[in-house]
Amino acid sequence: MLKNGEAGLFYMVANNPNHETILGTKVSIFQDLSQLRDKITDKSIKIADKVNGNYTFQKADVIFKNAQEVNPPSSEEKKKMAEKLRKQAEESNQGYAMMPVEMTDQFFLLFATYQNGEDKIGVDITNLSGKSDPTTYIDENVEFKQEKVQVKGVEMLHTEFARSQSHELKWVYESPDKKVKYAYTISGDINKVSKETMMKIAESYLE
């Protein structure tokens, strides 16, 4: 029901004894780099034309925050919206109802893909600003090896995943005024992109 870049509040009639709603957001897809840069209001975020010299920008999947995430409604307001949607769902006999939710220009996740032939490098940026404290979990059945590395004095975490033959380099940027915080992740094929190459790419983001 949602188009790219839209959000909606859904109410499902079936298996919903507590009359709860579900907030859904659909990703925005950008293939034009200038449009992406225009949309990202925080200009401290670096979105490169190329990485590692010959990997060029292909596309970015971006999830923006919607109005209810930026300014959460009170419990009373949530109940009123759920009740309104419940009536709509029952009267329509469709089993569900949806209310559009306004989007903001604040992004939550940005997944950029850079490509050289068939080879790809991913650069993901997660917005950690605000009160949320996101945590990353790795399945205990996944074989991986981690080590800390230093790039221009910034501590980073390098992780190799044995089965998928992939690896990633993560670090966190926080503005001097502590108002914004972003986690950067560079990922690629172990056999195509070395750890040293990833560290050089990370260095370019620190300049």
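Just so it is clear, the values below take in all heavy atoms, side chains as well, and ignore hydrogens, waters and symmetry mates.
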Minimum heavy-atom separation for Val62 and Phe107, please, with both atom names. CG1-CB, 3.9 Å
Minimum heavy-atom distance Ala89-Val13, with the two atoms named: CB-CG2, 3.6 Å
Ignoring hydrogens and angles, tell me if any N or O in the side chain of Tyr173 forms a donor-acceptor pair with the backbone of Leu206 under 3.5 Å. no
Let me know which of Asp49, Asp32, Leu33 forms a side-chain contact (heavy atoms from CB on, under 4.5 Å) with Phe57. Leu33
Centre-to-centre under 6.0 Å for Phe108 and Phe64, is that the case here? no
Answer yes or no: is there a donor N or O on one side and an acceptor on the other, between the side chain of Asn16 and the main chain of His19, under 3.5 Å? yes
With no hydrogens and no angle check, is any side-chain donor or acceptor of Asp177 less than 3.5 Å from a backbone partner on Lys179? yes
Give me the atom names and distance for the closest heavy-atom approach of Tyr96 to Met12. CB-SD, 3.7 Å
Checking the side chain of Ser129 only, and the main-chain atoms of Lys181 only, is there a donor and an acceptor separated by less than 3.5 Å? yes
Suppose the criterion is salt bridge (charged side-chain N to carboxylate O under 4.0 Å, His left out): which pairs have a residue in residues 188-207, not counting sequence neighbours? Asp119-Lys192, Glu147-Lys195
Show the nearest heavy-atom pair for residues Tyr205 and Ala48, with the distance to one decimal. OH-CB, 3.8 Å
Run the side chain to side chain contact (heavy atoms under 4.5 Å, CB included) test on Val193 and Ile121 for me, step by step, so that the C-alpha distance in whole Å, both residues' side-chain angles and the decisive distance to 0.1 Å come before the verdict. CA-CA 8 Å; Val193 185; Ile121 292 176; 3.8 Å; yes
Should the heavy atoms of other residues, nucleotides or ligands under 6.0 Å from NZ of Lys80 be counted, would the total exceed 12? no
Single hit among Leu169, Val51, Val151 for side-chain contact (heavy atoms from CB on, under 4.5 Å) with Ile201: Val51
Report yes or no: does Lys43 contribute a side-chain atom to a donor-acceptor pair with the main-chain N or O of Ile40 at less than 3.5 Å? yes
